[in-house]
Amino acid sequence: MGSPTLDTVTQALREVRDPIFEKPLGSLGTLLDVRLDGNRVRVSARVSSPSEEVRKALQSRVDEAVKPLGIEFAELELEVSVPTREATSEDPIPEVRNVILVMSGKGGVGKSTVATNIALALRRLGTRVGLLDADIYGPSLPTMLGIEGHPTSKDGKRIQPLQRFGIKLMSIGFLLEDPKQAVVWRGPMLHGALQQFVTDVDWGGLDYLIIDSPPGTGDVALTLAQKLRLTGAIIVTTPQEVALQDVYKSVSMCRKLNVPILGVVENMSHFVDSAGVTHELFGSGGGQKIAEFAEAPLFGQVPIDALVREWGDEGTPIVQAAPASPAGQAFAEVADALAERVAREHFERSGGDGAPEGEGPKRLRILR
Ligand code: ADP
């Protein structure tokens, strides 16, 4: 077979379907560039999610499309452009593309652990991430990320967030001399502090701002929903029945406030022993039940793993410390699922023709 022409190859690539939207790249306008060099092609395309799954799916679709034309090797270069929520003229943080609340019915289910690991996993995919710890009852972010100190201000007006592992961070814990102080805070104080965290912190441009909200109450969701358009919420639960009752309340709260539930994470889902046998210590099916009730996908099931707690106490979350561990991978899968869901939500809200916008802030070079 002779060498294929640029035209034939481009034509075939235009028909490749975007893995999230299931529409041809040609019609979405997301095939950016095709360069042919003999039997090798270099393809550059735009996607709306940084997820590994999306990258792999697109790579294999590209390979499949060009192989029959005699192409031996297709190199895919992706430009990731995370879609943005609609910000009104009063929005205090219009450069923050997505604001995502992490909620749970009650404490101790691992909400902060999930929020922190998701934030890190999204960062590791190359996106710009902020993490706001708004859990006044137990601001755990300083411990989990091994960071302390007080935020400063360059101009006396805007507070500079702290940074760790490439993430911008803000926590009520950073503002307290004694973190236990926070427990006595009442609603109005929380309301004021949250307003400040959103309005006065110099978050800059972010793809995702993940907010760890206190368990049970809907105060944070309420305050924020009044102030800005939230992308949506993630609900964290454990598998057992008793925990579920409280979670239903969070789901109802989101419904009332018109905050879309993006997905559900079942944490401490099961335990895999050293012989590889799975034990469902707390029963099973909780995450699935909540997902059905919330009419949202189950993003993932994170196993109980002593490393999660140990690394959390050390100040390096497991996604960073041991990304290949089962729990590390489970968190990465949750982040993938979240990124895809966010992209899809925007696409659906825009009536299905919201092709990912250009001017993506970063180019991810993917080499095989
Ligand atoms: P919450 O924010 O819901 O109160 P945390 O995230 O603070 O809960 O987690 C409570 C405790 O459980 C922490 O010590 C944390 O390290 C531990 N933990 C959370 N998830 C897991 C897991 N999957 N495996 C083992 N320990 C976990």
Side-chain angles (χ1 to χ4, degrees), residues 100-121 131-147 167 169-173 179-180 182-183 185 190 210-221 233-240 242-247 249-251 253 264-274 278-284 286-287 290 298-335:
I100 295 161
L101 271 188
V102 181
M103 305 174 77
S104 69
K106 63 174 193 121
V109 300
K111 173 183 51 59
S112 303
T113 304
V114 170
T116 307
N117 280 289
I118 289 181
L120 269 172
L131 179 60
L132 168 54
D133 176 10
D135 187 349
I136 43 162
Y137 302 111
S140 40
L141 198 146
T143 316
M144 278 191 198
L145 287 161
I147 185 166
I167 295 183
L169 303 167
M170 197 60 199
S171 168
I172 285 185
K180 290 190 194 76
V183 183
W185 281 26
L190 169 63
I210 308 288
I211 302 183
D212 183 7
S213 53
T217 81
D219 285 359
V220 167
I234 299 173
I235 309 266
V236 181
T237 185
T238 49
Q240 67 267 46
V242 275
L244 296 185
Q245 295 312 319
D246 301 299
V247 187
K249 286 187 212 147
S250 303
V251 173
M253 183 73 186
V264 175
V265 179
E266 186 181 270
N267 188 33
M268 309 200 213
S269 171
H270 52 272
F271 175 74
V272 183
D273 68 20
S274 51
T278 298
H279 303 269
E280 286 171 338
L281 300 180
F282 299 136
S284 67
I290 294 290
L298 181 61
F299 279 161
Q301 294 172 299
V302 181
I304 296 172
D305 184 339
L307 288 178
V308 172
R309 192 186 48 72
E310 284 162 24
W311 281 110
D313 290 346
E314 289 280 323
T316 307
I318 191 151
V319 158
Q320 189 74 21
S325 63
Q329 277 179 349
F331 283 124
E333 279 164 26
V334 167

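Order of listing sets the numbers, starting from 1, for every ligand and every atom in it.
- Looking only at side-chain heavy atoms (C-beta outward), Leu169 and Pro142 stay at 4.5 Å or farther from each other.
- Of the N or O atoms in Lys106, none lie within a sub-3.5 Å distance of an N or O in ligand 1.
- The backbone N or O of Leu141 lies less than 3.5 Å from a partner atom in the side chain of Asp133, making a donor-acceptor pair.
- Close N/O approach between Asp313 and ligand 1 is not found [any backbone or side-chain N/O within under 3.5 Å].
- Between Ile304 and ligand 1, no pair of N/O atoms sits closer than 3.5 Å.
- The shortest contact between atom 11 (C) of ligand 1 and any protein heavy atom is with Met268 CE, 4.9 Å.
- Inter-residue side-chain proximity for Ile100 and Ile234 is flagged as met; some heavy-atom pair is nearer than 4.5 Å.
- Atom 16 (O) of ligand 1 has as its closest protein heavy atom Arg309 CA, 3.2 Å.
- For a threshold of 3.5 Å applied to N or O pairs, the pair formed by Asn267 and ligand 1 contains at least one separation below that value.
- For the pair Thr113 and Phe331, the minimum side-chain heavy-atom distance is below 4.5 Å.
- Between the side chain of Asn117 and the backbone N or O of Val319, at least one donor-acceptor pair lies under 3.5 Å.
- The closest approach between a heavy atom of Gly312 and any atom of ligand 1 is not below 4.0 Å.
- Geometrically, ligand 1 and Met144 share no nitrogen or oxygen pair separated by less than 3.5 Å.
- Between Val272 and Pro326, every side-chain heavy-atom pair lies at or beyond the 4.5 Å cut-off.
- Taking only nitrogen or oxygen atoms, main chain and side chain alike, Thr113 reaches within less than 3.5 Å of ligand 1.
- Distance remark: protein heavy atom present below 4.0 angstrom from atom 21 (C) of ligand 1.
- Considering both main-chain and side-chain atoms, Asp305 comes within under 3.5 Å of ligand 1 through a nitrogen or oxygen pair.
- The shortest N or O to N or O distance between Gly110 and ligand 1 is below 3.5 Å.
- Taking atom 27 (C) of ligand 1 as the reference point, the nearest protein heavy-atom neighbour is Val308 CG1, 3.7 Å.
- Atom 4 (O) of ligand 1 has as its closest protein heavy atom Gly108 N, 2.8 Å.
- For a threshold of 3.5 Å applied to N or O pairs, the pair formed by Pro303 and ligand 1 contains at least one separation below that value.
- A side-chain contact (heavy atoms from CB on, under 4.5 Å) with Ile210 is found for one member of Ile167, Leu131, Leu132 and no other, namely Leu131.
- Taking OG1 from Thr237 and NZ from Lys106, the interatomic distance works out to 9.0 Å, rounded to the nearest 0.5 Å.
- Contact of the Thr238 side chain with the Val109 side chain is registered, since non-hydrogen atoms from C-beta on lie closer than 4.5 Å.
- In this structure, the side chain of Lys111 engages the main chain of Ser213 through a donor-acceptor pair within 3.5 Å.
- Residue contact check: Lys111 has heavy atoms under 4.0 Å from atoms 1 (P), 2 (O), 3 (O), 6 (O), 8 (O) of ligand 1.
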